[in-house]
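As structure tokens, the structure follows; a few thoughts come after it.
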Amino acid sequence: MHPDFGYFEETKLGKPYDIKLLKRLYPYSRPYRLLLFGSIGLVLLITALDLALPYITKVAIDRYIVPQTDSLFKDSGYDTEAKSRRLKVNVTDPAKRRLVQKYSDLFYTEGQIATIPYDALSQVEKSDIAVLRQNDLAGLGSISAIFLGLVIINFVLNFIQKMIMEYTGHMIMHDLRMRLFTHIQNLAIEFFTRNPVGRLVTRVTNDVQNMHELFTSVISLVFKDLFLLLGIALVLLILNWKLALVSFTVLPIVLYASLNFSKRARDIFRELRIKIAEINTRFSETIGGIRIIQLFRQELNNYRRFKALNHENYLAGMRQIHVLAVFMPLIELLGAVAVALVIFYGGGRVLGGFLSLGALVAFISYIRMFFRPIRDLAEKYNILQNAMASAERIFLILDTKNKLQRPSAPPNTDVLNLEQITEVKLENVSFSYVENEPVLKGISFNIQAGETVAVVGPTGAGKTSLINLIPRFYDPTSGRVLINGHALKNFDTSLFRSKIALVMQEPFLFSGTIRENIFDGSHPISEKDMKNILKAANCKNLIDRLPDGLDTTLSEGGASISSGERQLISIARAFAREPQLILFDEATSYIDSQTELQIQEALKKLMENRTSLIVAHRLSTVRNADRILVLNRGRIIETGSHLELINKKGFYFRLHQLQNGI
Ligand code: TTP
Ligand code: MG
């Protein structure tokens, strides 16, 4: 089989962004659409404020700084005949009148208005200018206050917008993660044999996190940056369309560079992500298989492989930097060229008196603002791409149908009710995990209520696979599993499962206390019953030995206790369910004879008055079974009681002899 490390699907993925994917994401944002629209509205407002700031600078310069006119006479300062600017002063103010008199040879006074040519101002003492231009100073003060006020409002709006955005992003991520979790939890076992744990973990953690970023960055990309770009273009055209067109001459080059960049960046960013995934996989494999690596002294080999991967990652990283290192400065450069064009052409227009100085300054600010989002495009592009890949992978999982659901039946209509399991029957059942590689062939047998049927056979015969069919972890490839004469498919799977208990070959215990592992808390249980169960399951000694007894916390997977002890605890867990049907898959790993005895005793008590199907490796376990099925290479080759099979002197007899060392 081809080793699948969980990153192959990345290479298989299609376009980095896809309208269809965005459409599929939309339902997740629906519950938050009011917040979303609010946030977009705020973005628009913030953009408008951003656009206002350079304009205020322009006003400050043109109206108050350039000594064009006393603020009382804003627009009358330019004398087209004289082709010079003049400061007009209203002399009703005594202080100003005094100064006008002091420089009377420079001023030309008519009525209340004194006029001085702009050039002549250089002959006026600096301290006197301040008085003459008192109104301008006051104007500067208020316009600065307005500027500051807008900046503060902008700050507050930005804060609110960010909070709303992040909140919505987190909520969407939260919903998506819950959806994914529930979906995965309900998938048929077959799915889990195909998908490595690590990959699923990445889906629920990283990929969902990436969706959050997609969400926030797309909003900011589409709304903030796009609006800003359009807004700036519009303002520039309104301010002075000729100058605007001049500065836009660099845009075709910017466009070309951006398209070219995105094409190259796509492959490089993807390559880098694949390399990182490979490193992750190799590293987690190293941790998982550390015993084997150390035992077989694979450290050096493993080191070399990791080193090679790390080097490839470095090369991919350098290629990425190479592209970024060209793109970002290039955009900066083009921005600077645009500014130079504006200074050259616009400066000329100012000199010619066709453009105000303030407008020129504002133009330069706008141009700078214009190139910033373009330059950051590279980073956002990466986020977008990453997120799209994540979205695709998440949907890949969400689109996985649970194969065990009956495809056409409307939910729960002809679902059969089940009180008592009276018979379990397999009818000519065949089963394969992989197509055309059957592990069970033509299996037929039945178990009546109260009977014990045992399955024995060599390793790989298909015993565990057979057990797996009863709780419907898998459906048979052909043939039928019948409960009380009805197809298992027609029962509500979870109801049926509630009536059976399974003790697995390698019992799985959750991290948590032993108590939580045995008693799932679904129904209350008295202290006395609890004691009885523990006693019947032979767990008492084990639990008494542990420092915290029942409340001892197990490490992940129950790794802190031995496999025999794990099986004892899972027998207790089976007891606690009060099942009608017991499925028991005896542990293959070495268990000392005392624990083995304890397990067999516990099992015997568990099976009392119950129907059971047990898989045994030690023939002593099955001696008392009503019937023994001998399974070899997926087929039942012998059936009978212990004595019958011994007398038959067939396969079972030889197994028996082998185990007893005869
Ligand atoms: P099992 O049914 O696991 O064989 P077994 O339980 O008889 O063996 P043991 O005594 O060691 O417990 O396996 C039968 C075949 O099915 C074997 O070739 C492995 C394969 N198999 C899978 O491919 N996927 C599975 O999840 C399992 C359980 C088995
Ligand atoms: Mg097995």
Side-chain angles (χ1 to χ4, degrees), residues 1-4 184 187-200 288 400 402-404 424 426 428-445 447 452-479 481 497 500-508 557 563-564 566-567 570-571 574 582-591 596 599-600 603 612-622 625 627-639 645 650-652 654-656 658-659:
M1 212 178 85
H2 194 53
D4 189 351
I184 291 178
L187 279 174
I189 304 298
E190 176 242 7
F191 174 81
F192 299 94
T193 44
R194 279 189 292 114
N195 290 280
V197 183
R199 184 195 295 176
L200 296 178
T400 312
N402 185 347
K403 286 207 172 143
L404 294 187
V424 177
L426 267 70
N428 201 17
V429 163
S430 297
F431 174 67
S432 56
Y433 292 102
V434 188
E435 230 175 304
N436 297 327
E437 285 175 31
V439 291
L440 294 173
K441 300 165 213 162
I443 304 282
S444 298
F445 67 90
I447 316 170
T452 300
V453 171
V455 183
V456 298
T459 272
K463 303 180 296 293
T464 302
S465 310
L466 181 62
I467 289 259
N468 279 342
L469 295 181
I470 313 281
R472 232 188 142 202
F473 287 151
Y474 302 89
D475 275 341
T477 323
S478 69
V481 180
R497 285 178 183 165
I500 59 181
L502 168 67
V503 179
M504 294 193 294
Q505 190 166 4
E506 283 140 23
F508 184 87
S563 64
R566 276 205 294 276
Q567 202 150 35
S570 55
I571 289 176
I582 313 281
L583 304 171
F584 179 84
D585 199 347
E586 193 175 49
T588 12
S589 46
Y590 174 76
I591 287 170
E596 192 181 321
I599 292 177
Q600 292 193 354
L603 180 64
S612 38
L613 177 63
I614 58 176
V615 166
H617 299 96
R618 299 161 187 83
L619 299 186
S620 54
T621 314
V622 301
R627 231 166 312 121
I628 299 171
L629 313 173
V630 183
L631 201 64
N632 190 22
R633 297 193 190 156
R635 281 187 202 284
I636 297 180
I637 52 168
E638 285 172 14
T639 322
L645 289 174
F651 198 91
Y652 182 82
R654 283 200 299 281
L655 273 180
H656 186 257
L658 268 176
Q659 283 206 358

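Whatever order the structure lists ligands and atoms in, that order sets their numbers, starting from 1. The residues of the chain are indexed from 1 along the displayed sequence. Only this structure's heavy atoms are used, side chains among them; waters, hydrogens and symmetry mates stay out.
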key: Check: Arg472 main-chain N/O paired with Arg497 side-chain donor or acceptor under 3.5 Å   = yes
ask   = Out of curiosity, is Gly457 lining ligand 1, as in a heavy atom under 4.0 Å away?
value = no
request  = Say whether Val439, considering both its backbone and side-chain N or O atoms, lies within less than 3.5 Å of an N or O atom on ligand 1.
outcome  = no
ask   = Nearest heavy atom to atom 10 (O) of ligand 1: which of Gln505, Lys463, Glu506 does it belong to?
value = Lys463
ask   = Looking at atom 1 (P) of ligand 1, what's its closest protein heavy atom, distance included?
value = Ser465 OG, 3.6 Å
task = Establish whether atom 19 (C) of ligand 1 and some protein heavy atom are separated by less than 4.0 angstrom.
result = no
inquiry  = Students should be able to answer this: which protein heavy-atom is nearest to atom 11 (O) of ligand 1, and at what distance?
reply    = Thr459 OG1, 3.3 Å
Presence of N, O or S from Thr464 under 2.8 Å of the Mg ion (ligand 2) = yes
inquiry  = Could you go through Ile447 and Leu613, starting from their C-alpha distance and side-chain angles, then the distance that decides it, and tell me whether this counts as side-chain contact (heavy atoms from CB on, under 4.5 Å)?
reply    = CA-CA 8 Å; Ile447 316 170; Leu613 177 63; 3.9 Å; yes
Side-chain heavy-atom pair Val615, Glu586 within 4.5 angstrom cut-off = no
inquiry  = Would you call the rings of Phe431 and Tyr433 parallel, tilted or perpendicular, taking 30° and 60° as the class edges?
reply    = perpendicular
Proximal ligand 1 atoms for Gly462, defined as those under 4.0 Å from one of its heavy atoms = 1 (P), 2 (O), 4 (O), 5 (P), 7 (O), 14 (C)
query = Hey, is ligand 1 close enough to Asn468 that some N/O pair sits below 3.5 Å?
reply = no
query = Which of the atoms of ligand 1 are close to Thr464, meaning less than 4.0 Å from one of its heavy atoms?
reply = 2 (O), 3 (O), 5 (P), 6 (O), 12 (O)
ask   = So, do Pro471 and Ile500 sit near enough that their side-chain heavy atoms are less than 4.5 Å apart?
value = yes
request  = May I ask you to check whether Thr459 brings an N, O or S atom to under 2.8 Å from the Mg ion (ligand 2)?
outcome  = no
message = Has Gln567 got a side-chain atom pairing as donor or acceptor with Ile599's backbone, closer than 3.5 angstrom?
response = no
ask   = What is the closest protein heavy atom to atom 14 (C) of ligand 1, and at what distance does it sit?
value = Gly460 O, 3.6 Å
key: Side-chain touch Pro476/Val481, heavy atoms, less than 4.5 angstrom   = yes
query = Is atom 3 (O) of ligand 1 less than 4.0 angstrom from some protein heavy atom?
reply = yes
key: For atom 27 (C) of ligand 1, the option (of Tyr433, Phe192, Tyr474, Phe473) bearing the nearest heavy atom   = Tyr433
request  = State which residue, out of Ile614, Leu629, Ile636, Val622, fulfils the side chain to side chain contact (heavy atoms under 4.5 Å, CB included) condition with Val455.
outcome  = Leu629
query = With side chains defined as the heavy atoms from C-beta onward, is the minimum distance between Asn428 and Lys441 less than 4.5 Å?
reply = no
